[in-house]
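Numbered from 1 within each chain, the chains take letters A, B, ... in sequence-line order. Only this structure's heavy atoms are used, side chains among them; waters, hydrogens and symmetry mates stay out.
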Amino acid sequence: MAQKPSIPKGTRDFNPIEVAKRNYIFDTIKAQFQHFGFQPIETPSFENSDTLMGKYGDEGDRLIFKILNSGDYLSKVDNKYYLDKDSNKLTPYISEKALRYDLTVPFARYVVQHQNEIDFPFKRYQMQPVWRADRPQKGRFREFYQCDADVVGSQSLWQEVEFVQLYDAVFSALKLEGVTIKINNRKILSGIAEVIGAQDKLIDFTVALDKLDKIGEEKVKEEMLSKGISKEGIEKLQPLFELQGDFSEQIVALKAILSVSEEGKRGIEELEFINTAISELKLQTANLQLDVTLARGLNYYTGAIFEVSAPEGVKMGSIGGGGRYDDLTGIFGLKDVSGVGISFGLDRIYLVLEELNLFPETISESIKVLCINFGEAEALTCLKAIKALRAHGINAELYPDAAKMKKQMNYANKRAVPYVVLVGESEMSSNTFTLKNMANGEQQQLSLEDLITTLQ
RNA sequence: GUGGUUGUAGCUCAGUUGGUUAGAGCGCCUGAUUGUGGUUCAGGAGGUCGUCGGUUCGAGACCGAUCUUCCACCCCA
């Protein structure tokens, strides 16, 4: 019985052209990571459930793919949990492993586990797939790649400055101009929460504030009210909703709002430091923008928060994010190690580059020259030439069958091969090669040496 | 996890209130053209109508379930 094969929801196959394009992004990011001094590590695709569970909030726990235990896993479960049919309670007894949800928590685990072998500050990069049991949408997959760069063991704000430059370097190298690097600081958010008397509701407060540009001021206030934030507190937020101007103008306004909060003032200082450094160093193509409503992402951020949005006009969620987390390794028992890092969403960057037509043309070129097959003797001559070409770093291949000329030329066309070599009777007798340029149809007869130099 | 949406040839899509043998464009294959591709012309192949079940004399169309796509929540790269 032949049944239609399929792949799970939210996953994809990649054809050769797509892989070539993905590798282009991959290689570009990797090159910049290396320029900035990051070193690669890799971690397993699945971790022990305890490593991941509880690190991303309740919502995160729900989105983690759990792996069923091997063997007769149900027989070991206490009837108490089995008969209750409570999935959340039963899960720990039938699943001890889970697929990686992001690269940051596994990295924290790695740092703690290998702390004695690591030279701090440790700068690592990691480019691996992560999995989320999310409902797919455009730019949202259940399996996708993250490209992370993090530094642990340094509290210096120069790291934040470096990461802003790294974002700029990567997107400039990808020719993706005009991305906006939004920056905020957790200390400012908690400072504001303090000012309005909602310290204990920081998460609810930030989640609501984050929706400002999406649902508007009124709805945000409604949500805050429904989460138990006092009316008087929300009124104190008014200057925040009216915040405008460039980076330094917003800083001035924030200083007024946060004058009574020590923590808030520290957040402002940090932002000012980064902004001053960046204006001195300059960015190539990206814009750095202060966005006090930026609260996205994980609750473990303690200082800077980053998010990158695609150039204006491209409808896509964030293509990168990151921030500083002072105590990430603390949950694994290693105190006082500060970390800061950023992430690139490879799959979303792909969609943006595709939409803006920014992939280089030569990207899908697999071979430079195809040799037409006229028969056994000619094929052998071709393979000798191909061997020499390959030795000179030129990708070359022989059409395997002495098929009709039209068929072989058609094949070259579809593979987008820029050159074709013809070796038939006359070339055999004169010991030459006919090189045809597929773009303009021009042909020339060359010796092997000239063939090599022409194609190099 | 909640609500909605989509599925017909390799691709993009038609298909009337349920009625013979399900169509088009592009692509593909063959020939015109046995050492020259893209253009042109002629011919040809290709469909369990996502899947399973139901209603009906009769279902691509109606109903249910399920899978998938996209969208809005939630959350996020």
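At a threshold of 4.0 angstrom between heavy atoms, the contacts of A/F141 include nucleobase atoms, whether or not backbone atoms are also involved. Within the 4.0 angstrom heavy-atom criterion, base atoms lie near A/N413. A/G139 comes within 4.0 angstrom of a base, heavy atoms only. Within the 4.0 angstrom heavy-atom criterion, no nucleotide atom of any strand lies near A/G57. Residue A/A439 is in base contact, counting any heavy-atom pair closer than 4.0 Å across all strands shown. Here A/G10 lies in heavy-atom contact (under 4.0 Å) with sugar-phosphate atoms only. Looking at heavy-atom distances under 4.0 Å, A/S343 makes no contact with the nucleic acid at all. No engagement by A/V130 is indicated, since no non-hydrogen atom pair under 4.0 Å with the nucleic acid exists. Note on A/G320: only backbone sugar-phosphate atoms sit closer than 4.0 angstrom, heavy atoms only; bases stay farther off.
Straight-line distance between the P atoms of B/rG64 and B/rG4: roughly 12 Å, to the nearest whole Å. Across B/rG18 and B/rA59, the matching C1' atoms stand 6 Å from one another, rounded to whole Å. Spacing between B/rU6 and B/rA77 at atom P, rounded to whole Å, works out to 31 Å. When the C1' atom is used for both B/rG60 and B/rU17, the distance is 16 Å, rounded to whole Å. With C1' as the reference atom, B/rG46 and B/rC28 are 9 Å apart, rounded to whole Å.
When only modelled atom types and interatomic distance are considered, A/N184 and A/Y301 share no side-chain donor-acceptor pair under 3.5 Å. Of the N and O atoms on the side chains of A/E427 and A/T434, at least one donor lies less than 3.5 Å from an acceptor on the other residue. Side chains of A/T432 and A/Q445: a donor-acceptor N/O pair is present below 3.5 angstrom, by distance only.
Here the nucleotide nearest the side chain of A/Q137, chosen from B/rA77, B/rC75, B/rA72, is B/rA72. Checking B/rG35, B/rA77, B/rG37 against every side-chain atom of A/M438, the shortest atom distance belongs to B/rG37. The side chain of A/S318 lies closest to B/rA77 when the candidates are B/rC75, B/rA77, B/rU69. Side-chain atoms of A/M409 lie closest to B/rG37 of the nucleotides B/rG37, B/rG35, B/rC74. Out of B/rC75, B/rC28, B/rG37, the shortest distance to the side chain of A/K436 is found at B/rG37. Of the candidate nucleotides B/rC74, B/rA77, B/rU30, B/rC74 has the atom nearest to the side chain of A/K211. With distances taken from any side-chain atom of A/R348 to the nucleotides B/rC75, B/rC76, B/rG35, the minimum falls on B/rC76. Closest to the A/K404 side chain, of the nucleotides B/rG35, B/rU30, B/rC74, is B/rU30.
Residues A/F344 and A/Y167 place their aromatic rings such that the two centres sit under 6.0 Å apart. Taking the six-membered ring for Trp and the full ring otherwise, A/F163 and A/F306 have centroids separated by 6.0 Å or more. Aromatic rings of A/Y125 and A/F33 (six-membered ring for Trp) have centroids within the 6.0 Å cut-off, being under it.
For the pair A/F344 and B/rA77, the ring geometry does not qualify as stacking, because the centroid separation below 5.5 Å and plane angle under 30° are not jointly satisfied.
Contact of A/K406 with B/rU36 (side chain to base): no donor-acceptor pair of N or O atoms is detected under 3.5 Å. Looking at A/Q408, its side chain has no donor and acceptor atom pair within 3.5 Å of the base of B/rU36. Side chain A/E427 to base B/rG35: a donor-acceptor pair is found below 3.5 Å.
The side chain of A/K414 places no N or O atom within less than 4.0 Å of a non-bridging phosphate oxygen (OP1 or OP2) of B/rG27.
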Run the side chain to side chain donor-acceptor pair (under 3.5 Å) check on A/S154 and A/Q159 step by step: do they pass? CA-CA 8 Å; A/S154 164; A/Q159 306 293 2; 3.1 Å; yes

Per-nt protein contacts along nucleotides 3-9 of chain B (heavy atom under 4.0 Å; B base, S backbone sugar-phosphate only, - none) come out as B------

Secondary-structure string, 5' to 3', Watson-Crick or G-U under 3.5 Å, | for another-strand partners, for RNA chain B: ((((..(..((((.....[...)))).(((((.......))))).....(((((..]....))))))..))))....

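Classification of A/D347 and A/R140 as a salt-bridged pair fails, no side-chain N sitting under 4.0 Å from a carboxylate O. The existence of a salt bridge linking A/D150 and A/R124 is confirmed by a sub-4.0 Å separation between a basic side-chain nitrogen and an acidic carboxylate oxygen. With salt bridges taken as basic N to acidic carboxylate O contacts below 4.0 Å, one links A/E397 and A/R415.
For the atom pair A/F38 CZ and A/H35 NE2, the distance stands at 13.0 Å (nearest 0.5 Å).
In the displayed structure, A/Y73 atom OH is contacted under 6.0 Å by at most 12 heavy atoms of other residues, nucleotides or ligands.
Nearer to the 5' terminus of RNA chain B, by closest-nucleotide assignment, is the contact made by A/N437 (compared with the other of A/L63 and A/N437).
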